[in-house]
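Structure first, then comments.
Numbered from 1 within each chain, the chains take letters A, B, ... in sequence-line order.
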Amino acid sequence: MSNSNMNLKLKVWRQQNAKDEGHFEDYTVQASPDMSFLEMFDVLNEQLITEGKNPVAFDHDCREGICGMCSMVINGRPHGPKQGVTTCQLHMRSFSDGDTIVVEPWRSNAFPVIRDLSVNRSAFDRIIASGGYVSVNTGNAVDANATLIPKETADEAFEAATCIGCGACVSACKNASAMLFVGAKVTQLSLLPQGQAEASKRVVAMVNQMDAEGFGACTNTGACSAECPKQIPLSVIATLNREYIKAKLKGY
Amino acid sequence: MSKNIKLDSKIPAGELSQKWTQYRSSVPLVNPANKRNLEIIVVGTGLAGSSAAATLAEMGYKVKAFCFQDSPRRAHSIAAQGGINAAKNYQNDGDSVYRLFYDTIKGGDYRAREANVHRLAEVSTSIIDQCVAQGVPFAREYGGTLSNRSFGGTQVQRTFYAAGQTGQQLLLGAYQALERQVGLGNVKMYSRHEMLDVVVVDGKARGIIARNLITGELERHFGHAVLLCTGGYGNVFYLSTNAMGSNVTAGWKAHKAGALFGNPCFTQIHPTCIPVSGHYQSKLTLMSESLRNDGRIWVPKSKDDNRHPNDIPEEDRDYYLERRYPAFGNLVPRDVASRAAKERCDAGYGVGSSKMAVYLDFRYNMINKYGRAEASRLNIENPDEATLLQLGKEVAKEQYGNLFDMYKQITDEDPYEVPMRIYPAVHYTMGGLWVDYELMTNIPGLYALGEANFSDHGANRLGASALMQGLADGYFVIPYTIGSYLSNEIRTKSIPTDSDEFAAAENKVRERLQQLLSINGTQTVESFHRRLGLIMWDKCGMSRSEEGLKQAIAEIRALRDEFWKDARVPGTMDSFNPELEKAGRVADFLELGELMCIDALERNESCGGHFREEYQTEEGEAKRDDDNYMVVSAWEYKEGNAWELHKEPLVYENIKIAQRSYK
């Protein structure tokens, strides 16, 4: 069992609701290097509740890096300083005793703040609902081995499909663009034979919905991919653009 | 609540292999025009909920789906790692529907229903077809066919997978099918909504009370039927592999409204999890069972062997699973593997600083299995061990990369270089709401699917079968069985939600929330949850005894009293208040925990994951009592945390009952 041997200063964004202006508040907390970042926040919240104050609202669920619910901007970077991990998989050994850590919510017009560090990411669901699927009703499927898919293609589709929909890409982007998120789904489904029948319709519908939600345009900075906890490659945006142009040329 | 509950499992007559086919051919149908007037509420959007909501909407029903997370895609099915079973026999290794059925019944230690399990095995093959059609990127061979691997309790390769993220890929498939129906207007999705009660009108489930978690508002929703797809209750142990939000609340409210709870004490403790490292710990992380394909489990032969694991020679290692169970070796079922790890650690052979861990070591197979195969493929003659290890690491990376990364992230140790340290942790609950063959609880119109019901896994679930069951229930079972009920409801008009029953249910929910907020005590909800978890783990965990269970019941009652006197729940009802959500869930766990102990105390035998110290063979294996306990224990709630037991006998007509042996 490790001891609490790190003293940390936290500057945490507090905001009552979407309309409130919001501000930073300062806290001190003791942590141990083996704690996860969210466990450090648990300690802070226990402390606040015991002092009769309101705990900090933050989203989290699986705490093993896969549900995509946790969403903190830590020292200016979505999911913090380590590459390829979510906030819940970030451990305090990545920080040093005496550090000051600044914690903010995702910031984007398309992700309004609910309270403190919790934001509303329903825009992502609406983008998927607009076309991020294969139109196949239950019971319509042929035998799973009837269509052969080369291993390389399956692997590439899988790599794109590992997106957890957390929104770090949007948060990292100076334009709050959702192209990495949309590109990942478009890439997965356009690579696989099952997704090709409606590839053109899909990409146009998803891009239209993305624009309607207020996400910004892509200017090829690459911050999205650099900050992506699942390291979705920037090439999915190229695929998205290619699929989009192909669809437009076909008159979609 | 009816005084004389009669348990009718509604298992169709006929030969086992024909039951489901005949049922499907004769179950009443609802015509498409009538489907449009029938509303179905689906609570929970994991594999069972998403697949059910999507499929029912495709069929034409009007569906409302609810989840407490910010998106249906976050349900905890997403975290399932290893794979999904299906009796495809693509490997030509002797698999069949019957064998999957048989393995599941045996793995569950003869405490599951034959007919339900056979149906599960039958539809398993369609699940894989459906998922592939949706664009789920399963692992494939170079020729383009699907790849398989082995899981515990079986001797065939029938597990389909997508790296260590199978649950994620299957859930995203179901989520996308669900969102497609949302886009088409056939499903209305309510994210960040928590069901806080079921509304029963004239004995039938007719709706729910849900709290909008953003505004705090209580909402009334009508449905001709209500489906609870709300997962398991492993978080009663505080530390488990479940997500932080996983809870029993929906199922518990249904239970208190009259639904029977089946086999509550049947809990699965998963053998391969990252050990506890500190008192602040909030959850435990699973290392997939698939790792046991290539990882060998061992402890040093002598106590207090403090050498680095890589420096301990073969002759000083005890591969205790291979020693005790040569036929299945490292791939024995979870309950057997967990108990064996506990036995070694309790005997003083554990490793790591806490001595409560064993090694899961990949070195042997990285060198001898993968390294040699790669060397042979690359025509490397007489490779040295370092070369083999390097080659093997590359293959291991492809198979398990994300799991190895996760382990390193959490422990700061590199499993490519040193063995993992693992220990059992609470993972899954086989118990759940009692349902009949049609997945309906004893409250007409109220259904339970997936982990939320008790029906398919008996006293121990085999690996890669949870995903199979969730999707079987949602894609291929409920779409048929719900017709049996709804075909009689086509004349039922929507019940206005300003009726007395809805108002009364909402008032009850409001009063409870106010009560929680008004305790105004000194201790945090989290601290109560932690204390409950310790009681459950120590006394109702991997091994249980009459004495311990009696103590646990008394301690839980006292803790519950203390909670209602001294918990502190900050904030208000009419706003976003995660602490209030947590308080409601912990309050329910404080009641469920008692029922689990009562059930464990009543079941005077050991079976599967339920191990009573008083009932074991000379070799320390679980000793069943088939004469008295070949039953489902279905508990009925009575006012004031009291329960009445009903028993459903389990009849085995197709399987020869035997003592489970994996030797």
[X] to [Y] - nearest heavy-atom pair and separation:
X	Y	result
B:Thr285	A:Glu64	CG2-CB, 4.2 Å
A:Asp125	B:Pro72	OD2-CD, 3.7 Å
B:Ser282	A:Arg63	OG-NH1, 2.8 Å
B:Asp129	A:Ala144	OD1-N, 2.8 Å
B:Arg180	A:Asn137	NH1-OD1, 3.0 Å

**Prompt:** With a cut-off of 6.0 Å (strictly less than), are more than 12 heavy atoms of other residues, nucleotides or ligands near OH of A:Tyr27?
**Reply:**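 Yes, because the 6.0 Å sphere around OH of A:Tyr27 holds more than 12 heavy atoms from other groups.
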**Message:** Just checking A:Lys53: does its NZ atom have more than 12 heavy atoms from other residues, nucleotides or ligands closer to it than 6.0 angstrom?
**Reply:**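 Not buried by this count: 12 neighbours or fewer within 6.0 Å.
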What part of [X] gets within 4.5 angstrom of chain B, counting heavy atoms only: side chain, backbone, both, or neither?
X	answer
A:Phe58	neither
A:Gln188	side chain
A:Ser118	side chain
A:Val142	backbone
A:Gln196	neither
A:Asp42	side chain
A:Asn45	neither
A:Ser36	neither
A:Ile164	both
A:Ile49	both
A:Ile149	both
A:Glu152	side chain

Quick check on the interface: out of [options], who has the most heavy-atom pairs with chain B under 4.5 Å?
options	value
A:Val136, A:Leu38, A:Asp61, A:Asn120	A:Asp61
A:Ser130, A:Ala154, A:Gly68	A:Gly68
A:His91, A:Gln89, A:Arg93, A:His60	A:Arg93
A:Val43, A:Leu191, A:Thr162	A:Thr162
A:Leu148, A:Val134, A:Val85, A:Asn145	A:Asn145
A:Asn54, A:Thr50, A:Ile114, A:Leu192	A:Ile114

**Trace of the side-chain contact (heavy atoms from CB on, under 4.5 Å) decision for B:Asp70 with A:Phe124** = CA-CA 11 Å; B:Asp70 78 327; A:Phe124 272 10; over 6 Å; no
**Prompt:** When you check the gap from the basic side-chain N to the acidic O, do A:Asp59 and B:Arg192 get nearer than 4.0 Å?
**Reply:**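 Looking at B:Arg192 together with A:Asp59, the answer is yes, because their closest N to O distance falls below 4.0 Å.
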Ignoring hydrogens and angles, tell me if any N or O in the side chain of [X] forms a donor-acceptor pair with the backbone of [Y] under 3.5 Å.
X	Y	value
B:Gln130	A:Gly139	yes
A:Glu46	B:Thr524	no
B:Glu179	A:Tyr133	no

Would you compute the distance between atom [atom1] of [X] and atom [atom2] of [Y] and round it to the nearest 0.5 angstrom?
X	Y	atom1	atom2	result
B:Ser147	A:Lys151	OG	NZ	8.0 Å
A:Cys67	B:Leu171	SG	CG	11.0 Å
B:Met406	A:Ile66	CE	CD1	7.0 Å
B:Leu146	A:Asp143	CG	CG	8.5 Å

Below 4.5 Å from any heavy atom of chain A, which atoms of [X] appear? Answer side chain, backbone, both or neither.
X	answer
B:Thr55	both
B:Phe138	backbone
B:Glu579	side chain
B:Glu398	side chain
B:Leu172	side chain
B:Gln168	side chain
B:Thr411	backbone
B:Ser71	both
B:Asp412	both

**Message:** As an exercise: rank B:Met244, B:Arg74, B:Gln176, B:His76 by heavy-atom pairs under 4.5 Å with chain A and give me the winner.
**Reply:**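 Winner by heavy-atom pair count: B:Arg74.
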**Request:** Report the C-alpha separation of B:Tyr280 and A:Asp34 in whole Å, then their side-chain angles, then the decisive distance to 0.1 Å, and conclude whether the side-chain contact (heavy atoms from CB on, under 4.5 Å) test is met.
**Result:** CA-CA 10 Å; B:Tyr280 49 79; A:Asp34 286 339; 3.1 Å; yes
**Request:** List the steps and the verdict of side-chain contact (heavy atoms from CB on, under 4.5 Å) for A:Ser122 and B:Met189.
**Result:** CA-CA 11 Å; A:Ser122 316; B:Met189 185 67 224; over 6 Å; no
